[in-house]
Amino acid sequence: MKQDRFLIAILAAVGILVVAALLVFFLRQDSDEYGLEDTPEGVVRNYIIAIHQEDFERAYNALQDAADKPSYQEFQQPFLANRMDTSNVSVRITDAKTTGDNAVVKLNLTHGGTRLFDGSWSEQGSAILVQQNGNWKLVEMPYPYWAWEWNQKP
């Protein structure tokens, strides 16, 4: 009798943990919604979300207006051709520093393995932003969110 109660208690605890894990999983899936863009971190977050959702027009609008800015077609082409595949990359903003009209947002990028038994690996990167007409604009992001040729001066 005593062992049956103990087993039932263990099974109930496991059931509660499973339900809690499922709730957390399903509630966190809605976190990929656009937020405010009044900070450098907000611009970087929205840019990453736009790339993942293939909203290239919104992502393109986050780029700095400069002489070496790629055309819209040059911007979206590497993503559409899967040269810059972001499907197995997750990004976490770790720090941000603003100095006048310039900002650096530190990122931790985790790349997941694409095959069975492939390990994941992480790297540190930085997003560089400038303020133009009162809005934060991206100058550079780490690969695979930015193509190196976009910053080549003509």
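Everything numeric here is computed off the predicted structure, so don't read it as measured data.
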Participant: State which residues pass side chain to side chain contact (heavy atoms under 4.5 Å, CB included) with Ser87; sequence neighbours excluded, sorted by chain then number.
Facilitator: Asp85
Participant: If you look only at distance, which donor and acceptor atoms sit under 3.5 Å apart when one is on a side chain in residues 89-101 and the other is two or more places apart or in another chain?
Facilitator:
unit_1 : atom_1 : unit_2 : atom_2 : d
Thr94  : OG1    : Lys106 : O      : 3.3
Asp95  : OD2    : Lys97  : NZ     : 3.3

Participant: What's the spacing between Leu11 CG and Leu7 CG if we round to 0.5 Å?
Facilitator: 4.5 Å
Participant: Name all residues meeting the side-chain hydrogen bond (donor to acceptor under 3.5 Å, both in side chains) criterion together with Glu123; count only those two or more places apart in sequence or in a different chain, and write none if there are none.
Facilitator: His111
Participant: Residues in side-chain hydrogen bond (donor to acceptor under 3.5 Å, both in side chains) with Tyr143, at least two apart?
Facilitator: none
Participant: Counting N and O atoms only, with roles assigned by atom type, does the side chain of Asn46 sit under 3.5 Å from a partner on the main chain of Tyr34, one being a donor and the other an acceptor?
Facilitator: no
Participant: Any chance you could pull the hydrophobic cluster mates of Ile128, using side-chain heavy atoms under 4.5 angstrom and chaining through other members?
Facilitator: Val130, Val139
Participant: Find the distance between CD (Gln76) and CG (Asp55) and round it off to the nearest 0.5 Å.
Facilitator: 11.0 Å
Participant: Do you know which two heavy atoms are closest between Gln77 and Arg83, and how far apart they sit?
Facilitator: OE1-NH2, 3.8 Å
Participant: Of the non-hydrogen atoms in Pro142 and Ser126, which two are nearest, and what is the gap between them?
Facilitator: CD-O, 3.4 Å
Participant: Of all residues at least two apart in sequence or in a different chain, which pass the side chain to side chain contact (heavy atoms under 4.5 Å, CB included) check with Val18?
Facilitator: Val14, Leu22
Participant: Nearest 0.5 Å, what's the CH2-CD1 distance between Trp146 and Ile51?
Facilitator: 9.5 Å
Participant: Asn135: what forms a side-chain hydrogen bond (donor to acceptor under 3.5 Å, both in side chains) with it, not counting sequence neighbours?
Facilitator: none
Participant: Can you name the closest pair of heavy atoms from Ser120 and Gly112 and give their distance?
Facilitator: CB-CA, 3.9 Å
Participant: With heavy-atom distances below 4.5 Å as the criterion, would you say the side chains of Thr86 and His52 are in contact?
Facilitator: yes
Participant: Would you list the pairs meeting salt bridge (charged side-chain N to carboxylate O under 4.0 Å, His left out) in which at least one residue belongs to residues 58-67, sequence neighbours left out?
Facilitator: Glu37-Arg58, Asp65-Lys69
Participant: Minimum heavy-atom separation for Asn102 to Trp136, with atom names?
Facilitator: C-CZ3, 3.9 Å
Participant: Atom CG of Asp68 and atom CD of Glu149: how far apart are they, to the nearest 0.5 Å?
Facilitator: 11.5 Å
Participant: When rounded to the nearest 0.5 angstrom, what is the spacing between CG in Leu80 and CD in Glu54?
Facilitator: 6.5 Å
Participant: Once ring pair (Phe, Tyr, Trp, His ring centres under 6.0 Å) is applied, what residue pairs with a partner in residues 73-106 remain, sequence neighbours excluded?
Facilitator: Phe56-Phe79, Tyr60-Phe75, Phe75-Phe79, Phe75-Trp150
Participant: Can you tell me how far the CG atom of Leu63 sits from the CG atom of Leu129, to the nearest 0.5 Å?
Facilitator: 10.0 Å
Participant: Please enumerate all residues that pass ring-ring contact (aromatic ring centres under 6.0 Å, His included) together with Tyr47, with sequence neighbours excluded.
Facilitator: none
Participant: Please evaluate residues Leu107 and Gln124 with respect to the criterion side-chain contact (heavy atoms from CB on, under 4.5 Å), reporting the C-alpha separation (whole Å), side-chain torsions for both, the decisive distance (0.1 Å), and the verdict.
Facilitator: CA-CA 6 Å; Leu107 306 169; Gln124 307 302 313; over 6 Å; no
